[in-house]
Structure formats: C-alpha cells, structure tokens
Amino acid sequence: MEKGFIENMVLNSSRSNSVFHDLMQYRVREILLVASIYDSFIMDREREISERLFGEYFQLNISNAPRVTSANSPEQALLKLKTYNYSMVVIMMGLEKNIPITLAKAIKEKHPKLPVLLLLNNNSDIHFVKENINELVSFDKVFVWNGDSRIFLGMVKYIEDKMNVKRDTQKAMVRVILLVEDSIKYYSRYLPNLYTVIMKQTQALISQESDLFEKMLRMKARPKVLLATNYEEAVHLYRKYKEYILCVISDVKYKKDGVSDPDAGLKLIKFLKDNSPNIPTLLQSSDISNRERAFDIKSSFIYKNSETLLQELKEYFLQNLGFGSFVFRSDNGDWISSANTIEELQKILEHIPVESLEYHSRRNHFSAWFMARGEIKIAKKLAELSVNDFKSIEEIREFLIILLKSDKHNKQKGEIIDFSEQYFFEESYILRLADGAYGGKGRGLAFINHLIENLNISDLVPEIEIKMPKTAIIGTDEFEEFIERNQISHKNSNQTFKEVQEQFLKGKLSDSLRKKLRCYIRQIQTPIAVRSSGLFEDSLLHPFSGVYTTYLIPNNHPNEEIRFQMLTNAIKLVYSSLFSPHARNYFDAISYKVEEEKMAVILQEVTGKVHGEFFYPDLSGVAQSYNYYPISYMKPEDGIAVLAIGLGKYVVEGEKSFRFCPNYPKVDFLSMQEQFKASQNYFFAIDLKNYPQDLSSGEEATLKKLDVKQSEESKLLHICASTFDIRSNRLVAGANSSGPKVINFANIVKYGYIPLAELLKNLLEVIEYSMHSPVEIEFSVDLNLDKKNRKPIFNLLQIKPLIKGEHFFDIDLNKLNKDDLILYTEKGLGNGKIDDIEDIIFVDPELFDKSETLEMVEEIELLNDVMKKQGKKYVLIGPGRWGSSDRWLGIPVVWSQISHAKLIVEMNLKNFYVDASCGSHFFHNITSMNVGYLTIRDSSEDFIQWDVLKEQKTVHKTKHCRHVKFSKPFTIMMDGKKGISMICCKDN
C-alpha cells in the first residue's frame, strides 16, 4: 500500500483531543504534541487523561475549547507552528535522540516565549539528558514517561500554574504547594499524583456546596503547584508567595550556591520554619538516617527507597489537600434535582420543568458541565448555540436528549466503556470493570479496537473478517485497593512464592468487582483468558514479555460458583505474579522497583471452537514487521510471520513453528529435510474437563498438550499439512495421501486457501505506520471449516513495539583477519562494539545431552549468580534454542537466570539442529535490553574456535558447563546492518 493511503487512513480516524477552558487568565488552549501516531493515540484516548486532566477544568460560557493537535514529524510540527498559534509544545523523545533537541532549538528561535517540554520515553533516557544538559536549554522542562498517562496532566498543569500563579494568588488567594526536587524521574511521578490528589480533595469540598456558582469559584481556586530544582529558586518562590504557601515538599540533596549540597533540603526547611513556624513541610530522602534529622526540625519525612513510597505520598497529600453534580434549579435558584453522571442528567432532562431547563440554558450551564468532564464535542456545540436558536424550550429538551444519545453511540465505538450488561454483545466495545490505568497490554488492546472499529481495516482484505475478541479490563485502581485492603506488603522477600500466592488467594476483591464478574461469567460462554497488563508491559525498552502470568480457564462448569471461583482466583494469581522470583529478578536486572509497577488485568474471550473435550483455535501466530534474520533476497523490513495449530502459547514460547515472510510467502525458509526436523508435532488446547482447584501450579494448569494428528478429526490437518510424495521427491500440499507429514500451511500460505499473507503484509504496514516503530502482533484464525459461506475470522489479539537499530556499527570485511577471531557468524542480532568483557560461560558440546537440559539450567543459574554478585557481564554459548519452554529444543532458561549475559550465542551440533529463536517472550526481552544474540549455523562461514576457548583459565566448572576467563578483555563487534558478528582476541 502507498504511504499516503495509509497516512490518510489513520489520520482521518483520529479523534481530536481537546483540553477545555477554565477561568484562569492563561489557558493552554492549543497544544502541539510531536510524537508517533501510536503515542498520540495513547495520550489522546486513555480515560486517565480524560478524567483527570479534562475533569479539572470547570467553566462557563465557553466558545472555543482547547485541544491537542498531533504532529508526527519535525517538518510537520514546524509547518503547523508556522500556520497556527499554539500555547504549548510537547516533544516526545524517540529512538533518535537528536531530533527533539534540533526541533526545540528551531521552535525557540521563532517562538521564544512558547513553552516547549521534552517527554522522555523511559528512565534510561535520563542519563542522556544529564550528559547533554547544555544542549537542552531550549526546553522549559523535561519529564519522563513512566507508563501512567497522568504524566500529561503533570506537564500541562506545570505550565498553567507557572503562568497563572501570580495573578490567581493576588485575585483569589489561591494556595501554593512548593515542590523542591531536581530528579526528573521523581518529579515526573510526583506532579501527576499531586495534581490528582488536589483535584480529588477539591471535588470533595465542592460536592458539599449547594450553589453552582460557589462550586465554580472553589474549583477555580484549587492550589497551584510550583517546582523548584535548587535552594535559591525555592527561597525565591517562598518569599514571593509566602502568604499563600500551603506546604513545602523537599528533597534533601540538590544544588545550593551552585554546587550539590547533601543538606540543602534540611537547610531549606530550617529557613522556612524560622520564617513561618507553622508551615507544613515534607522532607524526602534516600538516606533513612535523615528521618530523625527531619523530625528534629519538625518536618514530616518519607524514605525515597520505600517500597510503599507512592502510597505514603498519597496518604500525606490526602491529609493536607482538599468537582461535582449538575444541580437543576428553578428560575429563583431553588434546588430541584441533581445529576452525578451524564446518564443521570439524560434521565432528568426527560421530566425537568421547562422553567429550570430555560434557566440553565440561558446561562450556558450545560456547556460548562460537559466541558468539565472532558465532553468537549458536546460542550462546544452547546456553547455555539443560544436559547434564541430554538423555537421553544421543549425543542431544547429534545435536542439535548438526541445529542447525548448520538454522542454516546459515536464516542463508545471502538472505546473502553464502563461495565454494563447491555454492552456484552457489542463487539465494538471494551468493558471497564474497574477504574485506573490499563497497563501495557490494555493500551495495545485499546489501540487494536480503535483500528478495527474506526479504520475499517477489514477492507484491506475483504475475504477475511477481522475482529478482536470480547474484552474487559480491570484497571490498576483495583490492584492498588486489593493490596491495601488485604494488607499485602511489597516487602515479602522472606516468603516463598507459594506463600505469596496463598496470601493473594485469601485476599478479597472489591464487592463492586465481584458483582460485575458474576454478571460477566453468566454472559460469556467461551473459555476466558485472564492476562496481566502491568504499566511497564510491552514497553519498547523493557517489555516484560512472559514475566507475568496468564491463565486460560474453561468457564464451562455447570456450577456457576465454581466458574466464578476459578475466575477470581486467576485474577488474584495474576496479581501475585508481580511478586514472583522471576519478576523480582527482572526488576533487579533493569534497576526498577516492584513498588513502581501497577497491575491491570485483561479478561478476554478465548477464540476457537470446541473439539470434543478440548477447545482451541484453528491457527495461532505472531507476525513482526521487522525480521531480524532475513534470508535470500529478503530485507529485514519485509517482516516475518510464525504459524502453528492450536493456542498461541505454543508460538510465543518459541516452540517448533512454521515461519514465512508475508511479502514472499512462497519462499521456504528451510529445506525439505529441515522442515521435517522443525515441524510442529504437538499443540496446546484448553482441557474442558479439567477444573483444578489450585491454579497456582502454573499457566498450564488447565491446558493439555495434544498430538497434531488429533487435529485430523476436525479436518484441520488436511489444510495445514503437506505430505511427502516419494515418487516426485517433494512435498505436496494436503494430508489426504499417505506418507510422512509436515506442518507447513502450504495450502494457506502458498496457495491462498485464505489470503493470510496478504492480510498480514497490509496490517503490519498500517500498524507500523501508526506506531512509528516496527511492531509485533499476536493473532488467531478461525477457518470456519464447518460453516459454508462464512468468511474466515482473523482475531487480532495483541500488539507491541519492537526495537530496530537506527545507527549501525560497520565491520569492514576487507580489514578482517579471521585468524584473530574465536567466534564468527553471519547470522547475528545486535549492534555495536564491546571491549570490556573477559568472561565466557559455555556448555561443553562434548558433554551436551538434550535429555539433561534441566540440569544445565540450574548450573547456568548458579554461574550467572556468581557473575551478578561480582557485577560482571559475560558471553553465554550453548546448543539449541535459548529460553525455549521445550527442553528438547534447547536449554529452557528464563531471562532472570542469565540476566548478566551481554552476548548470547546459540549453535547447532551435528545431530542437534534447531532454527534461530524468533517471536518468543524470551527473545523479546533479550532484544529489548540490547543483548547481542548470535546463531552459529552449520556453514563454512560460521565458526567457534573451541580449542582457544578451552585453553583459557577455567574459573568454574560444572557437569556440563565451563566458565573461562581471558587474560585481558576481548572485543565483541556486531554489525547490525550486515548481520555479521564476531569475538576477536586482538584489538581492532
């Protein structure tokens, strides 16, 4: 498809995100957001933004509503700035670090007073900011994305408060909270949380007021937040707004007199107490010993490294800080009725007296109330109208009711909406069972739903129906309340994981959620997938792939109570997986804190059909728009797809699956002999007769491994298999004739039984363009073999971004002396030069026995722990596929067991051939963490100099493995563009 077609297709579907007016003099009316379409979508559509950002604005008589306009390139941004006046620019930092800097400079040169903010993609970008601080002078402030959409609230409010505080304090005695913090990571977390608490407290206050105009006044007078990053700036702001200061929150260490002062915060608090003895202060520090020092100066204290840091902050804010119903009144101001929700308002409108309707219409109250809730489209339409535009007041009533009904239908199409039984059979909705953030998977699913419902992507290939399974999301608020309600501590390191799981199983979900779940299981008649959706999941640099748990429950027991119990237990166990050893080790490896993570849960209808006692889809697969291991004349950008019979667990865990390129579906990746070796021989299905009381045994508690021959009963094998014809010495598509069979989906991929390859090619192009990043999608296919005249169904289950190298390290083969090399391959994934490693851990090929791979896992984990304690990285070499859940394909380690490997090498042995990893959870984590991943093939080019390895000093030796140390660091070179990688003994 042409790029212009895709661009129009995506952009025309985008709903403009508006930020509504308030009564402050300076308002952010127009925001230019420079980011990929995917990032714009997430910030535009996730309800966290709508409820928390939009809900803060409460105003009357609005004629023009603020909005966010997206620009998807620097050129587009500069063009928009040239043709329109914006009040704020937010630039999101992507993989190319220099683009935002250059763009900000260009903007400031032409618009010096225009606020420009930098939004980092993740915490790892903070180091870049510190190293290049002098290059960032064009930015008014830097924030970092932490997985919580409320960061956008923090950025907008930071600018608005900074611009309005002087006038608003003088005119309305608005109070000020002074935050003194120089850490980008921390103030990016504090500000959204602080603003959220401020608004909640203000809402609580105004809900007690009976006068509508008093409510507006109170909302306008919410506390402002000012941010200082050093001592002098803090003192300046204090002196300027002394009589309006509500409280001061300060770090301990930051700059004073131009240099870093470890006691700057203490000195500031003392200064404040001397001048304003009753001023509330909160000191925070990563040094616990500062607690007593804070108490000595009569200040509250929070330990920065506390596992419950955010909760402690929340409790402190709730104790110190303080939006409302629509009150229908008569023309003399008497109360008639009130509405807390739009649904209630719509019902009251049907019978409210004409006098009251006219009273509020003439004062534009309806427009203001909708604006406060982020219903900008309705508010703008109402603000443009007056009572004189209608023939009668009854006509106004009819207009309002029709407008609300129409907007509700259009707004909910492809959206996440509040739970209601009436929406169970509406496939265009995702149901929200609990409030809060949706997490990584949830955001991806919201985007999928948007694509399907608003882009008409089924038109890409009309022969196939594209759907997303019925989905519901339990937002992160339920997780946080569950932890608090059941008194579960993040500090449970002394417990075994089994004990942690038992504690979670004993915990109680909220009554509200339990009630909704009972309704849910009465309506859903298929098996249910209970999936994790952590805030950090499916992020670009740390995707957390396979770290948390998914449960597939049959949901077909005749006893509703048993089905309900299995569902609630699965949800609790998903929550508990955040505290598993695997998850904790992953957090340690990426230097994150478990307490920073929040867990949403996805409930999704499992796609497929009943086959006797089992349930599974015809096909499942993974497709990537970027192929790390292209063959022949293929390019990485041509992508790759992996197919298998049965549930998708088989594919994502790296089992034997069929691979093909959607752009070149008739090209075989493997020879005929290799296809037989790599052919799928079993698949996963849900056991409909298995209702285990204890799901804590793992994800496979309700699953069954079935031989692929069992799929013959459903005619599936005849479509998916090919048969070896001994007379022609070739594979013939189909399984009707006798002879050895191989699962290669030839009828589908090569001969177009369904145009799956064409669909994947087009779909990957659209999604990659939308996300401005290579992408991976997970899907299942129902061929509808038993239903004539019914289209096959393609179920889009999940999307996530992939990392692709932009700047490649170049290896000049003409200057290469292979005699200096101890390893060389032309099938490598990774990029760059590493010259500070001197350790190699390898599985001795002479001692390798594929029946003993579980023992090897234990040995490697022990050696990895040694390297972890020493703080050293190493090269890991072994046969077969690393991280496969099938121990017969390789060594089934998880990421945490090899977390300090900087380069991982998989190799084939004479009688042990396995094709390279791709698409598995393990592989995702490796590539996202910039760990080199090499494959040594059976070829004349690839090699390992085993004699050189074995003559090095042996540091540790186990039954199957050796840890050797070189006398000096060797050099690792990886050419990401050519795919060539090597380890050199000499300097190059």
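Minimum heavy-atom separation, Ile524 to Lys470: CD1-CD, 4.2 Å. For the residue pair Phe479 and Leu578, the shortest heavy atom distance occurs at CZ-CD2, 3.4 Å. Ile452 approaches Ile466 most closely through the heavy-atom pair CG2-O, 3.9 Å. Nearest heavy atoms, Leu797 versus Pro469: CD2-CG, 3.5 Å. Between Gln680 and Ile743, the shortest heavy-atom contact is O-CG1, 3.5 Å. The two atoms that bring Asn744 and Ala721 nearest to each other are OD1-C, 4.1 Å, heavy atoms only.
The environment of CD in Glu561 is crowded: more than 12 heavy-atom neighbours from other residues, nucleotides or ligands sit within 6.0 Å. More than 12 non-hydrogen atoms from other residues, nucleotides or ligands lie less than 6.0 angstrom from NZ of Lys705.
A centroid separation of less than 6.0 Å is found between the aromatic rings of Tyr682 and Tyr650.
Checked for salt-bridge contact, Glu613 and Lys704 miss the test: no charged N lies under 4.0 Å from a carboxylate O. In summary, Lys441 and Glu778 do not engage in a salt bridge, as defined by a charged side-chain N under 4.0 Å from a carboxylate O. Using a cutoff of 4.0 Å between basic side-chain nitrogens and carboxylate oxygens, Glu463 and Lys791 are not scored as salt-bridged. Electrostatic pairing of Lys498 and Asp694 counts as a salt bridge here, judged by a charged N lying under 4.0 Å from a carboxylate O. Using a 4.0 Å cut-off between charged side-chain N and carboxylate O, Lys598 and Asp477 make no salt bridge.
Between the side chain of Glu478 and the main chain of Gly475, no donor-acceptor pair closer than 3.5 Å is present. With Arg514 contributing its side chain and Leu509 its backbone, the two residues share no donor-acceptor pair below 3.5 Å. Formation of a donor-acceptor pair under 3.5 Å by the Asn555 side chain with backbone atoms of Ile528 is not found in this model. A donor-acceptor pair under 3.5 Å links the side-chain atoms of Arg443 to the main chain of Leu535, judged by distance alone.
Residues Val857 and Gln897 are in side-chain contact: their nearest non-hydrogen atoms beyond the backbone lie under 4.5 Å apart. Side-chain contact between Val601 and Val574: present, with at least one pair of heavy atoms (C-beta onward) separated by less than 4.5 Å. Using a 4.5 Å heavy-atom threshold, the side chains of Met566 and Pro692 count as touching. Side chains of Ile777 and Ile448 form no contact here, defined as non-hydrogen atoms less than 4.5 Å apart. With a 4.5 Å cut-off on side-chain heavy atoms, Ile430 and Met468 count as touching. The shortest side-chain heavy-atom distance between Leu603 and Leu567 falls under the 4.5 Å cut-off. Put simply, the side chain of Met771 reaches to within 4.5 Å of the side chain of Phe447, judged on heavy atoms. With contacts defined as side-chain heavy-atom distances shorter than 4.5 Å, the pair Lys656/Asn681 qualifies.
No side-chain donor from either of Ser780 and Ser620 sits under 3.5 Å from a side-chain acceptor of the other. Side chains of Tyr551 and Asn569: no donor on one and acceptor on the other come within 3.5 Å. At a cut-off of 3.5 Å, with distance as the only test, no side-chain donor of Glu481 or Ser510 sits close to an acceptor on the other residue. A side-chain donor from one of Tyr548 and Glu597 sits under 3.5 Å from a side-chain acceptor of the other. Looking only at atom types and distance, the side chain of Arg432 has a donor-acceptor partner in the side chain of Tyr438 under 3.5 Å away.
Taking the six-membered ring where tryptophan is involved, the planes of Phe779 and Phe794 are essentially parallel, since the angle between them stays under 30° and well short of 60°.
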Ser533/Met599 under side-chain contact (heavy atoms from CB on, under 4.5 Å): CA gap, chis, key distance, verdict: CA-CA 6 Å; Ser533 183; Met599 184 69 73; 5.6 Å; no
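Shown are Phe497, Tyr575, Phe579; of these, the ring pair (Phe, Tyr, Trp, His ring centres under 6.0 Å) with Phe504 is made only by Phe579.
Between atom CD1 of residue Ile571 and atom CG of residue Leu695 there is a gap of 11.5 Å, rounded to the nearest 0.5 Å.
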